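Report on the structure given below.
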Amino acid sequence: HVRLVESGGGLVQAGDSLRLSCAASGRTFSSFSMGWFRQALGKEREFVAGIAWNDDRTRYADSVKGRFTISKDNAKNTVYLQMNSLKPEDTAAYYCASSPLARIVTTISAYTAWGQGTQVSVSS
C-alpha cells in the first residue's frame, strides 16, 4: 500500500501563507494522482486540489482557485500545497490522498490511501 505523511500545518493569521507537504512511500507505483482534501469541524471532507504524477494536470476547488497551488517533486515522491491569502474559512484538517486513477477526481471514494492529516488554523 501507499503510505502518506503530511506536514506543514499550523496557526496563522488571515492573509498569511503556509505550505503543506505530503511524502509518499511504499507502493508508489500504484499511485497515479494525488489530492488534497480538508475537513472543518462539523463539516464533510471536501476536495481542495489534485495533481497527476505523470504530467502537469492539476485541478482546484473553486474556493481556493487563485490562492492555492498544488505541485509535486517526482524524485522525492512528494506533493505540496502552497496556500496564500489564507482566510478563517480555510481552517480545517488537511489530508493528502493517493488515487490509482490517472484522471484527477474530486470524489473521496476514488482515493485509496490517506495521510493522518495536518491542522491548519487561520485567525481573523
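Here the structure is a predicted model, which means the values were calculated and not measured. All residue numbers in this chain count up from 1 along the given sequence.
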Less than 6.0 angstrom separating the ring centers of F37 and Y111, yes or no? yes
I'd like to know if the side chain of S99 and the backbone of L101 have a donor-acceptor N/O pair within less than 3.5 Å. yes
Is K65 salt-bridged to D62, cutoff N-O under 4.0 Å? yes
Given the rule that I, L, V, M, F, W and Y join up when any side-chain heavy atoms are under 4.5 Å apart, are L81 and V12 in one cluster? yes
Could you tell me if the side chain of F47 sits less than 4.5 Å from the side chain of R59, heavy atoms only? yes
Do the non-hydrogen side-chain atoms of P100 and T112 ever get within less than 4.5 Å of each other? yes
Search all heavy atoms of [X] against all heavy atoms of [Y] and return the closest pair with its distance.
X: A40; Y: A92; result: N-CB, 3.8 Å
X: W36; Y: L20; result: CH2-CB, 3.6 Å
X: Y60; Y: T69; result: OH-CA, 3.4 Å
X: Q119; Y: T91; result: NE2-CG2, 4.0 Å
X: A113; Y: V2; result: CB-O, 3.5 Å
X: V105; Y: A110; result: CG2-CB, 3.2 Å

Kindly compute the distance separating [atom1] ([X]) from [atom2] ([Y]), expressed to the nearest 0.5 Å.
X: Q82; Y: S21; atom1: CD; atom2: OG; answer: 9.5 Å
X: I51; Y: C22; atom1: CD1; atom2: SG; answer: 11.5 Å
X: E6; Y: C96; atom1: CD; atom2: SG; answer: 4.0 Å
X: M83; Y: L18; atom1: CE; atom2: CG; answer: 4.5 Å
X: L86; Y: Q13; atom1: CG; atom2: CD; answer: 11.5 Å

Does R38 make a cation-pi contact with Y95 (under 6.0 Å, within 45 degrees of the axis)? no
Can you confirm whether the side chains of W53 and S33 place a donor and an acceptor under 3.5 Å from each other? no
Using a 6.0 Å cut-off, check whether atom [atom1] of [X] has over 12 heavy atoms from anything other than its own residue.
X: R57; atom1: CZ; result: yes
X: N74; atom1: CG; result: yes
X: Q116; atom1: CD; result: yes

Given side chain to side chain donor-acceptor pair (under 3.5 Å), test Y80 with R19 step by step and report yes or no. CA-CA 7 Å; Y80 305 96; R19 189 177 82 155; 4.8 Å; no
Evaluate the side chain to side chain donor-acceptor pair (under 3.5 Å) criterion for residues N84 and S17: first the C-alpha distance (whole Å), next the side-chain angles of each, then the deciding distance (0.1 Å), finally the verdict. CA-CA 4 Å; N84 298 330; S17 299; 2.9 Å; yes
If we check side chain to side chain contact (heavy atoms under 4.5 Å, CB included) with M34, which of these qualifies: L4, I104, I70? L4
